[in-house]
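Reading through the structure tokens given below for one structure.
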Amino acid sequence: MKKSTKILSIVIGSIVLLLILIFMYYKLNFISANEVKRIIINNMQVASNEVYFEDIDLELNENFYKVYLYYQNKKYEYRLDAKQGKIIYSDFNNININNNQNDVNNQVGTMQNNTTNNTTNNTVIDNNQNTVTQNESQNNAPNNTQDNNQNNNQNSNPAINNPAVNTPNVNNTGRITLEQAKNIALKDANANANSVIFTKQKTDYDDFQLVYEIEFIYGQNEYEYEISANTGRIISFDRELLYH
């Protein structure tokens, strides 16, 4: 009996020692998950409470961390060297570079359009001045003043130039929109829209009924809603703590 107890103690001790050695190996050779978060947040140059980390996986066979996160309701992927913490891949930077390039192109296009418009306007002004001079020599000034006043009145009235002004946007489907469903969920959760990270927002069918499935992170909780697209009624609701 004493011999079997001794053998069991040796086995348990060996397992504990092995676990300690494994832990020390990872501790000494790989950066921690918290260090991964810190590196990514510094790279993104945003506040830590604006980012929700969905997954931080250590790929042992290739020695890198694969990370999925949400920022401003968009999902991004990062890959970091597990030993040195160097960023191997990030679609966040690629997207921002593309967006910045589009902004530059738009600004250049706007400047070119403004230059063209200014040139055209100057030409039109010169032509109008010549026309006015000719008309003044042929017609009476009171008549010209009356015509100009009529033209100014027409130009200052948007309803004349654009009959579509103030026309309401009517939804003829008889269903609420996705944005309305999101507002219903936010109101029910007493959540501030500016502080929410949406992780899921899509349409689906439940018992032959069109519904909106909405999930979002707010504070330390994750919310899940299923809302009827026909009535706006909350069909199901769930809330879970992110960190236990």
Side-chain angles (χ1 to χ4, degrees), residues 23 26-60 62-104 106-107 176-204 211-227 229 232 234-244:
F23 174 78
Y26 283 109
K27 188 73 175 176
L28 295 174
N29 289 278
F30 299 105
I31 62 175
S32 67
N34 287 333
E35 289 175 306
V36 170
K37 291 181 180 180
R38 180 181 57 79
I39 292 170
I40 291 175
I41 289 172
N42 288 340
N43 176 260
M44 296 175 68
Q45 297 183 352
V46 298
S48 58
N49 59 356
E50 294 179 325
V51 179
Y52 169 66
F53 288 90
E54 182 184 47
D55 252 333
I56 302 178
D57 292 329
L58 176 58
E59 303 288 340
L60 285 174
E62 298 184 28
N63 290 334
F64 71 82
Y65 278 101
K66 181 184 289 186
V67 183
Y68 292 101
L69 59 91
Y70 284 92
Y71 172 67
Q72 292 185 345
N73 297 327
K74 293 182 180 179
K75 189 173 184 178
Y76 299 100
E77 179 184 352
Y78 269 84
R79 294 183 185 179
L80 283 77
D81 185 291
K83 293 185 177 181
Q84 299 178 358
K86 181 180 178 182
I87 296 175
I88 302 171
Y89 168 80
S90 168
D91 58 0
F92 176 80
N93 289 335
N94 293 340
I95 291 173
N96 282 344
I97 290 171
N98 291 335
N99 288 338
N100 290 336
Q101 185 61 46
N102 289 335
D103 291 340
V104 171
N106 290 336
Q107 290 176 358
I176 65 170
T177 64
L178 176 59
E179 288 301 317
Q180 290 172 320
K182 288 164 62 177
N183 289 333
I184 291 172
L186 292 176
K187 184 177 180 181
D188 182 76
N190 289 325
N192 184 351
N194 295 327
S195 304
V196 164
I197 299 175
F198 285 96
T199 57
K200 183 179 182 181
Q201 40 185 323
K202 71 171 188 176
T203 56
D204 201 355
V211 297
Y212 291 112
E213 293 183 357
I214 299 172
E215 297 180 9
F216 58 87
I217 307 295
Y218 180 63
Q220 300 298 319
N221 296 295
E222 183 176 23
Y223 295 81
E224 297 181 7
Y225 280 87
E226 192 173 271
I227 297 174
I234 297 175
I235 300 173
S236 65
F237 159 75
D238 188 28
R239 181 180 64 186
E240 292 183 1
L241 280 173
L242 290 175
Y243 310 104
H244 300 285

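From a predicted model like this one, the values you see are computed outputs, not experimental measurements.
Closest of all the heavy-atom pairs between Gln180 and Thr177 is OE1-N, 2.7 Å. The heavy-atom pair separating Ala82 from Leu58 by the smallest distance is CB-CD1, 3.5 Å. Across all non-hydrogen atoms, the minimal contact from Gly219 to Leu242 is O-CD1, 4.2 Å. Between Ile31 and Gly85, the shortest heavy-atom distance links the atoms CD1-CA, 3.6 Å. Annotation for Asp204 and Glu213: closest pair OD2-OE2, 3.1 Å, computed over non-hydrogen atoms. Counting all heavy atoms, side chain and backbone alike, Tyr78 lies closest to Ser90 at CZ-OG, 3.1 Å.
In this structure, CD in Glu54 is found 9.0 Å from CG in Leu69, a value given to the nearest 0.5 Å. The structure places OH of Tyr65 at 10.0 Å from CG of Asp57, a figure rounded to the nearest 0.5 Å. In this structure, OG1 in Thr203 is found 7.0 Å from OH in Tyr212, a value given to the nearest 0.5 Å. Atom OH of Tyr225 and atom CG of Asp188 lie 3.5 Å apart (nearest 0.5 Å). Note: Lys86 NZ to Phe64 CZ = 15.0 Å, rounded to the nearest 0.5 Å. Note that the CG atom of Asn42 and the OG atom of Ser48 stand 10.0 Å from one another [nearest 0.5 Å].
When side chains are defined from C-beta on, Phe53 does not count as touching Val36, because their heavy atoms never get closer than 4.5 Å. Residues Val51 and Tyr76 fail the side-chain proximity criterion, which asks for heavy atoms closer than 4.5 Å. Between Glu215 and Tyr223 the shortest side-chain heavy-atom distance does not fall below 4.5 Å. A heavy-atom distance below 4.5 Å is found between the side chains of Leu241 and Asn221.
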Candidate pair Val211 and Ile227, rule side-chain contact (heavy atoms from CB on, under 4.5 Å), full reasoning: CA-CA 5 Å; Val211 297; Ile227 297 174; over 6 Å; no

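Not counting sequence neighbours, Tyr218 has no partner by the ring-ring contact (aromatic ring centres under 6.0 Å, His included) test.
Cation-pi contact between Lys75 and Tyr68: present, with separation from the ring centre below 6.0 Å and deviation from the ring axis of at most 45°.
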